[in-house]
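Residues: numbered from 1 along the sequence shown.
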Amino acid sequence: MTDVSSDRRDRRLAAPRAAVILLSLALLLTLAKPLLPAFLTRVPDGAVLPYDLWMQSLFDFIKDDLGLIHVTRAISAALEWLLDITANLLYGKNRWPHVGPIPWSAVAAVAAVTGYALGGARMAVLAGGTFVWVALIGQWDLAMQTMSVIAVAAPVAVLTGLLLGLAAWKFPRFERALMPFLAVLQTLPFFTYLLPAVIFFKVGPTAGCIATVAYAIPPMVLMTTLGLKAVSDEVVEAGKMSGSTRWQMLRHVYIPSARTELLVGVNQVIMLSLAMVVLTAFIGMPGLGAKLLSLMNSLKLGRSFEIGVTIVLIAVTLDRCSKAWVIKQPQHFERGTPWWKRNGLLLTGIGAFVAFVILAQIVQVADHITRAQDLSMGAEIDDVIRAILSNGVVTSITEWLRWFLITWVLIPFRNALLWLPTPAVILAIAAAGHAVGGWRSSLTAGAFFAIVALTGWWDRSIITLYAVISAVILAAMIGLPLGILAARRKKWAEPILLVCDTAQTFPSFIYLIPAIMLFGVNDVSVVFAIFIFATVPLMRYTIEGIRAVPEELLEAADMSGATRRQKLVNVQLPLALPTMAVGFNQAIMFAFFMVIIAAFIGTQDLGQELQKTLAGNQLGKNFVLGICVALMALSFDHIIMRWSANQRRKLGV
């Protein structure tokens with residue numbers, strides 16, 4: 001026993017020593033850079049592997065020689081048929097089956113009844129009120145163009161994710177092969193989804209639908225697998241003892257038992273579908289995203305804000321309704337209950353729909369809102385914003401802040417990161433990996449960055465990393481204190497969490513508008529836009545982590561005479577750190593996502609190169625650039641989540 005415990009102690013001591021050695025080597029290489037040969041500071045051109053050419057050749061072979069393009073075009077035709085149906089129903093696209101559009105008042109009425117069925121009167125007001133807002137503000141056609149794609153993409157993603165999740169649950173080898181692929185999919189920048197969709201499918205709604213489906217599938221796969229694995233052995237045994245076949249076991253035992261997890265997956269699919277379908281404006285997808293993008297080009301902040309509010313309301317409505325569906329249990333009736341009583345809300349919805357369709361034939365406003373009738377105040381909001389931004393005090397503050405950050409913080413930091421030798425950065429990342437997970441984590445994190453170096457896009461990757469690190473540090477400086485303050489004062493927690501929910505549902509590239517308006521087109525705007533987006537998870541997980549500390553421990557600290565500050569430093573923060581680390585990890589993931597969108601401003605990083613690939617047929621280059629972003633994000637994800645898991649294990653939580 002003594003020998004075993006001694007070996008374990010030696011291994012624990014060896015891990016920090018190895019991490020220190022790796023970090024010391026990185027520091028030594030950095031200090032010795034002026035004396036090092038060129039191949040030890042940057043990967044020589046001759047050693048850069050032509051990944052983009054290899055990938056381009058592979059894609060061309062799959063597309064042309066194997067004939068995948070013909071398969072995808074057949075799928076495209078089927079999707080286009082479905083999209084035509086939803087488009088005709090929702091906004092009256094002039095194609096078969098020529099049965100639309102449904103009056104806005106009828107859609108709002110059905111939404112209100114559905115909201116009431118799922119969550120009562122408050123949900124009915126939210127669901128119905130959202131569609132009333134969309135119509136009255138003059139954005140009905142734009143919103144329905146977006147919803148017509150979601151109405152196809154979300155069910156397709158749910159069905160595909162369910163089938164893949166079932167296969168992963170049934171066949172462990174398939175699961176082991178699929179999970180790394182899903183991890184990469186969840187970290188790829190959205191531009192990497194867009195170009196393959198354009199090449200293999202038609203530009204416009206069809207390509208937007210395919211990109212949305214691919215982006216939204218992973219959470220459905222993960223939640224399906226998780227839910228089916230969590231079904232208790234007692235329930236399974238009871239099903240087998242009743243003589244159920246394998247199909248009956250799946251249909252009547254496993255899927256009903258995993259209902260909650262499956263519906264959580266559906267909720268995530270819906271939210272990701274809405275987020276992605278807005279971003280597909282870059283490949284010609286009409287709707288709210290396309291309008292927002294065009295307004296951003298002309299810096300019309302007022303109208304952009306209105307569209308942003310519309311997207312937020314739709315996102316909140318879909319989120320709240322789908323979450324209410326998760327927690328709502330099936331309603332049971334006594335045997336012999338009349339059909340109309342069992343389906344009262346369904347009949348109410350049908351009745352409301354028919355009544356408003358008839359009303360729309362008589363009253364024009366119930367059918368559609370003309371431009372002269374809408375309540376848009378975009379121009380007035382623009383005037384107010386311009387007046388605020390032209391104020392001398394605001395101008396002097398923003399100009400000084402821009403000068404200070406660019407001159408003394410951002411550019412020196414960027415140049416310092418670019419100056420570091422490539423092997424030094426890789427060794428430092430490997431040291432961090434070894435400190436939290438031993439040699440396996442060290443090799444994983446180091447290999448990811450080494451692959452990035454071998455692609456030839458090292459400097460662009462470092463510039464991307466510089467923007468991410470700068471924004472996350474700034475977000476931590478502001479988000480963590482606000483989160484701690486809110487967690488300690490209950491009356492502040494709910495408003496801040498509401499702000500976090502609202503900020504997270506805003507379309508991501510709307511944050512570029514205030515950044516540009518305040519600071520112009522420069523690095524400060526990029527960091528500012530990422531900072532807003534990355535602050536949300538830091539505040540949320542800080543609040544949740546501190547609030548989750550058991551009351552017994554807080555009472556014990558009070559009984560020992562600890563002050564509020566001592567209780568925070570010695571009890572709450574140590575126990576909340578694993579949860580806060582998850583928030584920090586999410587902030588980094590959000591920052592990597594947002595830095596690619598910030599390419600719209602005109603950056604010099606991987607996002608700018610990715611955006612350029614959309615103009616041509618450079619699928620290989622597009623994929624390699626996306627992999628560079630994904631590998632850097634996966635490295636940080638692996639290190640932070642491993643550290644969080646270690647802390648949870650030490651704390652016994």
* Asked: Minimum heavy-atom separation for Ile137 to Leu375, with atom names?
  -> CD1-O, 3.8 Å
* With sequence neighbours left out, what residues match Trp133 under side-chain hydrogen bond (donor to acceptor under 3.5 Å, both in side chains)? -> Thr310
* Give me the one residue out of Leu293, Val198, Leu195, Ile597 that meets side chain to side chain contact (heavy atoms under 4.5 Å, CB included) with Phe282. => Leu293
* **Shortest non-hydrogen contact between Ile283 and Ala207, atoms and distance** => CD1-CB, 3.9 Å
* Which distance, rounded to the nearest 0.5 Å, do you find between the CG of Leu262 and the CE of Met223? -> 8.0 Å
* Output yes when a side-chain donor or acceptor of Thr206 lies under 3.5 Å from a complementary backbone atom of Glu80, and no otherwise. => no
* Asked: How long is the gap from CG on Leu272 to CD on Gln186, to the nearest 0.5 Å?
  -> 8.5 Å
* Asked: Just by modelled atom types, is the Ala315 backbone N or O under 3.5 Å from a matching donor or acceptor in the Asp319 side chain?
  -> no
* Side chains of Ser105 and Asp367: closer than 4.5 Å at any heavy-atom pair? -> no
* Asked: Can you tell if the side chain of Thr192 reaches within under 4.5 Å of the side chain of Leu625, non-hydrogen atoms only?
  -> no
* Rounded distance (nearest 0.5 Å) linking atom OG of Ser148 with atom CG of Asn88 -> 10.0 Å
* To do: With the side chain counted from C-beta on, respond yes when Gln145 and Val149 share a heavy-atom pair under 4.5 Å apart, and no when they do not.
  => no
* Polar side chain donor-acceptor pair, Thr224 to Glu261, under 3.5 angstrom -> no
* Asked: How far apart are the closest heavy atoms of Ile496 and Ile543, and which atoms are they?
  -> CG2-CD1, 3.8 Å
* Asked: Taking all atoms of both residues into account, what is the closest heavy-atom pair of Ala352 and Ala109, and its distance?
  -> CB-CB, 4.1 Å
* To do: Ignoring hydrogens and angles, tell me if any N or O in the side chain of Gln608 forms a donor-acceptor pair with the backbone of Asp605 under 3.5 Å.
  => no
* Asked: So, for Asn267 and Ser322, which heavy atoms are closest and what is the spacing to 0.1 Å?
  -> ND2-OG, 2.5 Å
* Please name the pair of heavy atoms, one in Ala467 and one in Val526, separated by the smallest distance, quoted to 0.1 Å. => CB-CG1, 4.4 Å
* Asked: Can you say whether the rings of Phe131 and Trp140 are parallel (under 30°), tilted (30 to 60°) or perpendicular (over 60°)?
  -> perpendicular
* To do: May I ask you to decide if Ala157's main-chain N or O and Thr160's side chain share a donor-acceptor pair within less than 3.5 Å?
  => no
* To do: Give a yes or no on whether Phe200 atom CZ has more than 12 heavy-atom contacts from other residues, nucleotides or ligands under 6.0 Å away.
  => yes
* Asked: Between CG of Asp141 and NZ of Lys291, what distance do you get to the nearest 0.5 Å?
  -> 11.5 Å
* Asked: Can you tell me how far the OG1 atom of Thr114 sits from the CG atom of Leu346, to the nearest 0.5 Å?
  -> 9.5 Å
* To do: Measure the OG1-CD1 distance between Thr535 and Ile530 for me, rounded to the nearest 0.5 Å.
  => 11.0 Å
* May I ask you to test the Trp325-Val266 pair for a side-chain heavy-atom distance under 4.5 Å? => yes
* To do: Specify whether Phe533 and Tyr511 have parallel, tilted or perpendicular ring planes, treating 30° as the upper limit for parallel and 60° as the lower limit for perpendicular.
  => tilted
* Asked: With a 3.5 Å cut-off and no angle check, do the side chains of Ser273 and Thr212 form a donor-acceptor pair?
  -> no
* Asked: Quick one: does Ile210's side chain get under 4.5 Å of Leu79's, heavy atoms only?
  -> yes
